[in-house]
Amino acid sequence: MNSERDHSAAGGLRPETLAVHPPRVEITGSVPLGVPLHQGHVFGFESADALADSMQSGGSFLYSRMGNPTVRTLEDAVARLEGGAGALSFASGMGAINAVLFGLLSAGGHVIAQRCLYGGTYAVLTDLAERWGVEVTHVSGTDPAEVAAALRPTTRLLYLETIANPTTRVSDVPALAAVAREAGVPVAVDNTFASPLLCRPLALGADLVVHSATKYLAGHADVLGGVVVADDPELLSRLRHFAVEAGASTDPFAAWLTLRGMQTLSLRMERHCASATEIAGRLAGHPAVAAVRYPGLAGHPDRELAERLLPDGAGGVVSLDLAGGRDAGRAFVEAVRLASLSVSLGDVKTLVMHPASTSHRQLDAAALEAAGIGPGTVRLSVGIEHVEDLWTDLEQALGKASAL
């Protein structure tokens, strides 16, 4: 390459250097309506003192594992939705769950957890018990007396889900949180199934709220993410140390996609809830279905609690037991055509899955039974398709399941 080329117009810099240092465009006189994507992972400083200060105080963005403007925007947005003092975001929902469990529990500690939990959460608790001697007591999630009886001097956390995965049982967060907080025990609530549009656990007495942002917050099956919201900045600071050291940080592009999805969250949740209510009612009257569990249905064991804690809708997830058991469940999930046989939930598309062989495969037969998950249980995450098109598909699949 010719190093003698004219470079006077670029401040004396040669093309090889110019390619590495593009000019920066400063925006003046207007504001971008979309959230800017700050994809770069590292930030520069004008002085050594400023860099050192940032490493100690975290006052300026330094390295995206520790903080990023786009990621911070997501954290602030979810914290505001949940009514919290602040939030931390993670590369996945499991990253958020692990931050809470590993951030607050240590060897010899004790945690009280809802009996029916997301399988990944159950697996982590089991691992903590086996490897680190963390004791776990499971409770129903609806009886304050159970929590009071389970409390020990070593209890460090009460862990609940707003709507249990996949049984759709509703936790009595205010009553259970009151018992835990009186004993000085932090309360964490996984609010993924409800989203901040249907429930805000911090207002009900929780200390921490967990979200798999992959689900309803993002909503379009194109991003992984997790968020933890805290009401107490000091509690959040305890989790931040673990989060930074574990390296489960959110990618800025994933944060940007989640923020884009959240702009339609209220519209999507309205459709999810309306369609799920309609579908649940129709499933309850179908001869191939032995039982339907949806908090918005009369006859659900927590219907009264759902009306009080989820006044704007009971969510988009329906759990059903097929009369033909495991074989019928398998035939049903393989027969759908408009709906998709897939893990996850909260997508704009309707998703069906068989929990015993997928999300809760870590549980043995006894644990599945204790959690209320049967061999023919199917989880249905109702999307935003037209409800009649969706029912046509589900009805034909039920026909094939009942023909066994």
Side-chain angles (χ1 to χ4, degrees), residues 97 100-101 104-106 108-130 132-194 199-210 231 291 293-295 299-310 314-315 319 355 360 362-374 377:
I97 291 168
V100 172
L101 297 181
L104 298 183
L105 299 174
S106 57
H110 175 240
V111 57
I112 303 172
Q114 195 170 314
R115 186 167 292 111
C116 186
L117 291 168
Y118 166 56
T121 307
Y122 188 94
V124 174
L125 289 173
T126 301
D127 187 58
L128 284 169
E130 293 176 350
W132 307 113
V134 172
E135 296 182 284
V136 183
T137 299
H138 290 285
V139 296
S140 65
T142 58
D143 185 0
E146 277 188 295
V147 174
L151 286 168
R152 307 176 187 176
T154 56
T155 304
R156 297 293 179 261
L157 178 67
L158 170 62
Y159 194 96
L160 306 169
E161 292 180 352
T162 312
I163 304 173
N165 182 3
T167 63
T168 75
R169 294 298 303 266
V170 178
S171 294
D172 194 346
V173 175
L176 273 59
V179 174
R181 297 192 81 173
E182 186 176 353
V185 174
V187 181
V189 178
D190 187 328
N191 198 34
T192 298
F193 269 42
C199 185
R200 303 173 82 190
L202 295 179
L204 302 178
D207 299 282
L208 295 165
V209 176
V210 177
D231 203 23
R293 292 180 292 274
Y294 179 67
H300 188 280
D302 305 318
R303 173 61 176 160
E304 183 179 344
L305 187 60
E307 289 180 334
R308 178 159 48 92
L309 302 185
L310 304 165
S319 177
H360 291 71
Q362 301 95 335
L363 279 65
D364 59 23
L368 285 170
E369 183 178 359
I373 302 171
T377 298

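Note that the structure is predicted; figures quoted are calculated from it, not measured.
- One distance of note links CG of Leu125 with CG of Leu157; it measures 8.5 Å at 0.5 Å rounding.
- The minimum heavy-atom distance linking Gln114 with Ser171 is given by the pair OE1-OG, 2.6 Å.
- Shown here for Cys116 and Ala164, the closest heavy-atom pair between the two residues is O-CB, 3.7 Å.
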Test Val187 against Tyr159 for side-chain contact (heavy atoms from CB on, under 4.5 Å), laying out the working first.
CA-CA 6 Å; Val187 181; Tyr159 194 96; over 6 Å; no
Output, in order, the C-alpha distance, side-chain angles, deciding distance and verdict of side-chain contact (heavy atoms from CB on, under 4.5 Å) for Leu104 and Leu208.
CA-CA 11 Å; Leu104 298 183; Leu208 295 165; 3.7 Å; yes
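- Here OG of Ser319 is found 12.0 Å from CD1 of Ile163. Values are rounded to the nearest 0.5 Å.
- Remark: Leu160 CG to Leu204 CG distance equals 11.0 Å, nearest 0.5 Å.
- In this structure, Leu176 CG and Asp143 CG are separated by 7.5 Å, a value rounded to the nearest 0.5 Å.
- With a 4.5 Å cut-off on side-chain heavy atoms, Val210 and Thr192 do not count as touching.
- When all heavy atoms of Thr168 and Arg293 are compared, the closest pair comes out as OG1-O, 3.2 Å.
- Side-chain contact between Thr162 and Leu309: absent, with no pair of heavy atoms (C-beta onward) separated by less than 4.5 Å.
- A salt bridge does not link Glu304 with Arg308: none of the charged nitrogens is closer than 4.0 Å to a carboxylate oxygen.
- Nearest heavy-atom pair across Ala194 and Leu310 is CB-CD2, 4.2 Å.
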List the steps and the verdict of side-chain contact (heavy atoms from CB on, under 4.5 Å) for Asn191 and Cys199.
CA-CA 7 Å; Asn191 198 34; Cys199 185; 3.8 Å; yes
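- Residues Val189 and Ala206 share a closest heavy-atom pair of CG2-CB, 3.7 Å.
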Check the pair Glu146, Ser140 against side-chain hydrogen bond (donor to acceptor under 3.5 Å, both in side chains), reporting the backbone distance first and the verdict last.
CA-CA 8 Å; Glu146 277 188 295; Ser140 65; 2.4 Å; yes
Going through the checks in order, is the side-chain contact (heavy atoms from CB on, under 4.5 Å) test met by Leu128 and Leu101?
CA-CA 9 Å; Leu128 284 169; Leu101 297 181; 4.2 Å; yes
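- In this structure, His138 has no side chain to side chain donor-acceptor pair (under 3.5 Å) partners at least two apart in sequence or on a different chain.
- For the salt bridge (charged side-chain N to carboxylate O under 4.0 Å, His left out) condition, the pairs that include at least one residue of residues 152-172, sequence neighbours left out, are Glu135-Arg152, Arg169-Asp302.
- Looking only at side-chain heavy atoms (C-beta outward), Thr155 and Ile112 come within less than 4.5 Å of each other.
- Atom CG in Asp190 sits 6.0 Å away from atom OG1 in Thr121 (nearest 0.5 Å).
- Side-chain contact check for Ile373 versus Pro166: some heavy-atom pair is nearer than 4.5 Å.
- When all heavy atoms are compared, the tightest approach of Ala113 to Leu117 is CB-CD1, 3.9 Å.
- No side-chain heavy atom of Asp231 sits less than 4.5 Å from a side-chain heavy atom of Asp207.
- Annotation: side chain of Leu151 is not in contact with side chain of Leu158 (no heavy-atom distance under 4.5 Å).
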